[in-house]
There are 2 protein chains.
Amino acid sequence: MSTNLPSTQDLLHLELFLPYRLNVVGSFASRALGRIYDERFGIGIPEWRVIAQLGEFGRLTSRDIGELSQMHKTKVSRAVTELEKRGFITRSENRQDRRESFIALTAPGARIYAEIVPLALAFQARWTEGLAPEELRVFERVLSILTERGRHLAGTYHENER
Amino acid sequence: MSTNLPSTQDLLHLELFLPYRLNVVGSFASRALGRIYDERFGIGIPEWRVIAQLGEFGRLTSRDIGELSQMHKTKVSRAVTELEKRGFITRSENRQDRRESFIALTAPGARIYAEIVPLALAFQARWTEGLAPEELRVFERVLSILTERGRHLAGTYHENER
DNA sequence: CGCAATTAGTTGCAAGTGAAACTAATGTCA
DNA sequence: TGACATTAGTTTCACTTGCAACTAATTGCG
């Protein structure tokens with residue numbers, strides 16, 4: 001009864017190779033969600049991530065958003081610019097440090113957030129429906145470990161700066 | 001002792017949101033592996049996927065490669081063109097169906113494959129090191145289910161054609 | 001203080017991407 | 001057979017991306 005698990009052997013089956021599998025499943029999720037965000041709200045995934053962080057934490061700087069959502073600072077910059085142009089967020093200069101500015105959801109932005117959250121949660125619920133809670137728990141635990149190790153294996157430079 | 005698991009609630013924490021997490025971990029893996037492929041062999045991830053499939057299955061058409069590796073046909077086309085230009089693969093017309101051609105690794109291509117496979121396996125081994133086999137087994141099982149469902153949630157159009 | 005180093009954020013640029021249109025070949029079906 | 005539909009693969013185009021360089025502000029340190 002072999003484990004079918006990744007191990008050190010001399011054969012490689014791409015369809016069992018974790019980095020490949022994680023990218024495939026991630027891209028499926030992005031495609032499905034991206035379509036929802038775009039069709040119903042006209043925004044992309046980077047914009048959604050910005051809104052999600054602002055909805056969860058309130059006022060943040062671009063730097064905070066990048067760190068929290070693991071996005072490159074240029075991606076954050078562009079998403080923020082776009083969201084501001086559409087009136088979903090506002091920027092206000094930080095008088096204590098005029099390099100940065102505080103970003104917050106406007107009322108329309110908060111409305112979008114309030115509309116997307118249940119959709120996102122429903123999507124996740126449907127996606128994980130029927131899986132044993134214990135299995136899901138293990139899955140998430142392993143996922144956390146792989147993410148943390150991946151952050152280091154990827155080197156000092158992740159998608160966001162530093 | 002709450003489960004910390006995704007469920008239908010009215011709060012969303014992006015850092016616990018599965019689509020987000022899967023994309024983050026996938027991008028870490030891609031970045032780490034991509035750096036290896038590029039630095040040591042001068043190829044990118046799409047090229048690596050093509051080589052991997054040819055190394056595993058032998059002679060294939062571009063269509064096969066796209067299906068097996070879940071890549072859009074244009075991405076396959078470009079990777080194949082590039083690999084041919086570098087002498088890692090050859091194309092030979094299929095006389096039974098002259099729309100397609102068979103693609104196979106050349107000797108240098110097979111050498112690259114033979115060099116990358118142990119690196120990839122070692123990477124995976126190091127990445128999953130110390131995790132309980134039973135946990136990894138559960139992880140992979142859930143990952144398979146999520147992938148299969150994701151394929152459908154993403155709609156008929158995945159990254160590859162149709 | 002004053003000057004070098006650091007940091008927040010933006011922009012130019014070159015590369016990579018997928019959708020759609022396209023070419024050429026094959027399949028289908030009356 | 002002949003016309004229409006389908007398929008393999010390529011190319012064009014618009015868009016996204018990350019890196020590097022940049023600006024402006026702040027910090028650190030002699």
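Computed from heavy atoms alone, side chains included, the values below leave out hydrogens, waters and symmetry copies. Below, read A as the first sequence line, B as the second, and so on, with proteins coming before strands; counting in each chain starts at 1.
In this model, no donor atom of one side chain and acceptor atom of the other lie less than 3.5 Å apart for R149(B) and T128(A).
Residues from residues 78-96 of chain A that place a heavy atom under 4.0 Å from any atom of DNA chain C, listed by number: R78(A), R91(A).
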Enumerate the protein-to-nucleotides 3-6 of chain C contacts in which both atoms are nitrogen or oxygen and the separation is below 3.5 Å.
none

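Taking atom CD1 of residue I45(A) and atom C1' of nucleotide dT16(D), one finds them 13 Å apart after rounding to whole Å. Summarising the geometry, the separation between OH on Y37(B) and P on dG16(C) is reported as 17 Å, rounded to the nearest angstrom. The distance between atom CE of M71(A) and atom P of dC19(D), rounded to the nearest whole Å, is 15 Å. Following rounding to the nearest Å, R35(A) (CZ) and dA19(C) (P) show an atom-to-atom distance of 11 Å. Rounded to a whole Å, the CG atom of L68(B) is 16 Å from the C1' atom of dA8(D). If you take CD of E100(A) and P of dT7(C), they are 13 Å apart, rounded to a whole angstrom.
Residue S62(A) is classed as a sugar-phosphate contact, given heavy-atom separations below 4.0 Å to backbone atoms only.
Of all heavy-atom pairs between P19(B) and A29(A), the closest is CB-CB, 3.7 Å. Contact between M71(A) and V50(A) at its shortest, heavy atoms only, is CE-CG2, 3.9 Å.
Two residues are said to be in side-chain contact when any heavy atoms from C-beta on lie closer than 4.5 Å; T81(B) and R91(B) meet this criterion. R86(A) is not listed as a side-chain neighbour of E47(A), based on a closest heavy-atom distance of 4.5 Å or more.
An OP1 or OP2 oxygen of dA19(C) is reached within less than 4.0 angstrom by a side-chain nitrogen or oxygen of H72(B). Residue S77(B) places none of its side-chain N or O atoms closer than 4.0 Å to OP1 or OP2 of dG9(D). For dG18(C), one of the phosphate oxygens OP1 or OP2 lies less than 4.0 angstrom from a side-chain nitrogen or oxygen of K75(B).
The aromatic rings of W48(A) and Y113(A) lie parallel to each other, with less than 30° between the two planes, well short of the 60° mark. Between F139(B) and F139(A), the ring-plane angle classifies as parallel under the 30° and 60° cut-offs.
In this structure, of dT17(D), dA21(D), dC19(D), it is dA21(D) that holds the atom nearest to the side chain of K73(A). Closest contact between the side chain of R98(A) and the listed nucleotides dT11(C), dA25(D), dT10(D) involves dA25(D). Side-chain proximity of R63(A) to the nucleotides dG9(D), dG9(C), dT10(C) is greatest for dG9(C).
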Go through it in stages, so that I can follow the logic: the residues are I43(A) and I51(A), the test is side-chain contact (heavy atoms from CB on, under 4.5 Å), and I'd like the CA-CA distance, side-chain angles, deciding distance and then a yes or no. CA-CA 10 Å; I43(A) 62 172; I51(A) 289 176; 4.0 Å; yes
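Hydrophobic clustering (ILVMFWY, side-chain heavy atoms < 4.5 Å, transitive): L68(A) and F102(A) are in distinct clusters.
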